[in-house]
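All remarks here apply to the structure that follows.
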Number of protein chains: 4
Amino acid sequence: MLINLDFESNEPIYQQLVHQIIEGIARKEIAPGEGLPSVRSLASDIGINLHTVNKAYQQLKQDGFILIHRQKGVVVNPDGVPKADANYKKQLEKNLRPLIAESICRDVSEEEFLRLCSTIFETYQGGSA
Amino acid sequence: MLINLDFESNEPIYQQLVHQIIEGIARKEIAPGEGLPSVRSLASDIGINLHTVNKAYQQLKQDGFILIHRQKGVVVNPDGVPKADANYKKQLEKNLRPLIAESICRDVSEEEFLRLCSTIFETYQGGSA
Amino acid sequence: MLINLDFESNEPIYQQLVHQIIEGIARKEIAPGEGLPSVRSLASDIGINLHTVNKAYQQLKQDGFILIHRQKGVVVNPDGVPKADANYKKQLEKNLRPLIAESICRDVSEEEFLRLCSTIFETYQGGSA
Amino acid sequence: MLINLDFESNEPIYQQLVHQIIEGIARKEIAPGEGLPSVRSLASDIGINLHTVNKAYQQLKQDGFILIHRQKGVVVNPDGVPKADANYKKQLEKNLRPLIAESICRDVSEEEFLRLCSTIFETYQGGSA
DNA sequence: GTGGTCTAGACCACT
DNA sequence: GTGGTCTAGACCACC
């Protein structure tokens with residue numbers, strides 16, 4: 001799985017890392033139970049600070065995406081990621097709302113917006129088919 | 001138009017303000033050409049620093065949502081907001097992608113996701129009908 | 001002579017007014033000795049504040065473009081505008097320098113820059129021919 | 001690279017700073033990819049507030065002159081500055097026009113004006129030869 | 001009265 | 001240590 005960071009983005013690097021790993025899981029490139037590189041090796045591979053990788057891993061663990069065993073190392077949660085709960089959906093709506101509001105202002109129709117979402121969905125589901 | 005800020009949020013206050021105003025425009029509560037409160041009055045209304053409001057206004061100006069008119073003060077861009085260009089859509093996709101990836105991991109179906117988007121769209125378009 | 005103001009520009013209105021009048025003189029639309037509208041009439045014509053017009057006139061007077069007679073009103077300096085002195089040229093260079101520096105960074109060749117200047121010169125000299 | 005500010009000038013300090021840095025780039029004193037001092041260090045070097053430096057940097061970033069890199073700090077855009085587009089040229093003309101108009105009024109010939117521009121150009125290109 | 005600029009000092013997130 | 005954010009108070013230019 002390829003990690004692709006933008007050091008000039010406003011999005012913090014650890015956050016980008018979190019997203020990329022989640023995308024990898026969504027794309028089924030890394031399956032539940034499968035291992036991830038250690039903090040050290042990933043950090044030196046990408047050329048970033050240990051702390052940064054660690055912070056990303058901690059957040060992924062916090063959100064139930066991965067488990068961190070002292071010995072077995074880092075693995076994708078073998079039970080699968082916790083399903084969306086009411087809280088997650090509230091958060092999701094809160095994140096979508098400003099995107100949709102701006103799209104409306106900029107004359108993006110609902111159809112076009114939904115089509116874009118579908119297209120993005122396909123980029124993940126196509127990978128598993 | 002009501003402004004509703006969460007001072008506990010990680011999202012910077014000026015950013016929340018930007019979003020809220022964009023939502024106000026999307027909801028057609030503030031029409032093109034209409035005026036917005038002055039930096040100072042809005043700041044004292046909300047109980048924040050005028051620089052924070054100013055930063056929000058500057059960003060909105062930069063993005064073409066508002067104009068700062070020498071005589072009329074701050075007004076919503078009477079020509080309407082610049083339409084979505086390729087750049088905006090690329091940005092939008094970049095913002096949607098991680099949300100969708102996480103949703104997939106959490107077993108949110110495409111149908112459900114799109115339905116959520118539609119629901120949010122209605123909260124804006126319903127307001128203008 | 002037409003006055004064309006941009007109320008959304010960062011350039012102060014009085015400054016725009018000064019420029020427009022200087023351009024009118026350069027274009028020989030208003031000849032030395034000829035009269036300009038009174039502060040009051042010009043202000044109400046354009047729909048701006050008296051102070052603003054007054055400030056523009058004061059600056060033009062200061063720079064030797066116009067004379068303000070208590071009775072005869074405002075006239076373009078019949079002796080013509082004071083010729084460029086060393087001081088003016090120093091100022092001119094100071095104004096041109098950042099424009100040229102940025103042009104160089106943006107890959108505008110000297111030829112192209114000079115051509116643009118010539119084109120602008122023509123818009124004035126053409127008017128007098 | 002030397003920064004030379006005039007605290008008496010009407011031109012805002014941050015603006016002067018922007019100009020000086022652009023001139024440094026034009027003069028090839030700072031090459032693409034090269035680093036600029038941090039906000040704090042530059043501010044204390046010049047003896048101004050860090051916010052003022054920050055404002056200058058933000059504008060330079062906005063205009064594509066510099067990048068704010070998560071790891072390397074502030075660097076001159078390694079891809080070079082965005083080339084002049086139609087918009088920039090329109091702006092440039094708008095800036096040149098009043099300078100030329102006043103020069104005409106003050107009896108500066110087109111030849112002399114162009115010669116002055118050439119002289120300024122040389123101060124930049126001579127530096128790289 | 002408005003927005004624009006500058007200063008100053010503080011806290012935080014990120015690397 | 002870096003940049004980003006927020007606050008606060010001051011002065012100025014403009015209208």
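Every chain is numbered from 1 and lettered A, B, ... according to where its sequence line falls, protein lines coming before strand lines.
A donor N or O paired with an acceptor N or O is not found under 3.5 Å between the base of F:dG4 and the side-chain atoms of D:H51. Evaluation of atom-type donor-acceptor distances gives no pair under 3.5 Å for the side chain of D:R40 against the base of F:dG1.
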For this session: Apply side chain to side chain contact (heavy atoms under 4.5 Å, CB included) to B:L50 and B:L42, showing your working.
Result: CA-CA 8 Å; B:L50 84 170; B:L42 183 52; over 6 Å; no

Exercise. Could you go step by step and tell me if C:Q58 and C:Y14 meet the side chain to side chain contact (heavy atoms under 4.5 Å, CB included) rule?
Worked result: CA-CA 10 Å; C:Q58 289 303 327; C:Y14 84 94; over 6 Å; no

Exercise. Under the side chain to side chain contact (heavy atoms under 4.5 Å, CB included) criterion, do D:D63 and D:I22 qualify, and how do the steps go?
Worked result: CA-CA 11 Å; D:D63 292 348; D:I22 293 178; 6.0 Å; no

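Other residues, nucleotides and ligands place more than 12 heavy atoms under 6.0 Å from the NE2 atom of D:H69. The neighbour count for A:D85 CG, taken as heavy atoms of other residues, nucleotides or ligands under 6.0 Å away, is above 12.
In this structure, C:I48 reaches neither bases nor backbone, as no heavy-atom distance under 4.0 Å exists between it and the strands shown. Note on A:Q15: nothing from the nucleic acid sits closer than 4.0 angstrom, heavy atoms only. At the heavy-atom level, B:L50 lies nowhere under 4.0 Å from the strands shown. At the heavy-atom level, D:Y14 lies under 4.0 Å from the strands shown only through sugar-phosphate atoms. Contacts of B:N10 with the nucleic acid, taken as non-hydrogen atoms under 4.0 Å apart, are absent. Heavy atoms of D:E11 sit nowhere under 4.0 angstrom from any nucleic acid atom.
Separating the CD atom in D:Q91 from the CD atom in D:E93 is a distance of 10.5 Å, to the nearest 0.5 Å.
In this structure, D:R70 and B:Q58 both approach DNA chain E, and ranking their closest nucleotides by distance from the 5' end singles out B:Q58. Toward the 5' end of DNA chain E, the nearer of the two residues D:P12 and B:P37, judged by each one's closest nucleotide, is B:P37. Nearer to the 5' terminus of DNA chain F, by closest-nucleotide assignment, is the contact made by B:I13 (compared with the other of C:I13 and B:I13).
Put simply, CG on D:N49 is 13 Å from C1' on F:dT7, counting in whole angstrom units. Distance A:D6 CG to E:dT15 P: 12 Å, rounded to the nearest Å. Distance B:L17 CG to F:dT5 P: 14 Å, rounded to the nearest Å. In this structure, the CZ atom of C:F7 is 15 Å from the P atom of F:dC14, given to the nearest Å. Regarding D:K55, its NZ atom lies at a distance of 14 Å from the P atom of E:dG3, rounded to whole Å. Between the CD atom of C:Q16 and the P atom of F:dA13 there is a distance of 18 Å, given to the nearest Å. Nucleotide F:dC6 holds its P atom 14 Å from the CG atom of B:L42, rounded to whole Å. In this structure, B:Y57 atom OH and E:dT2 atom C1' are separated by 12 Å, rounded to whole Å.
For the OP1/OP2 pair of F:dT5 and a distance below 4.0 Å, the side-chain nitrogens and oxygens of B:T52 include no atom meeting the criterion.
Base pairing annotation: E:dC14 forms a Watson-Crick or G-U wobble pair with F:dG1, both donor-acceptor distances under 3.5 Å.
Here the side chain of B:N54 is nearest to one of E:dG4, F:dT2, E:dC6, namely E:dG4.
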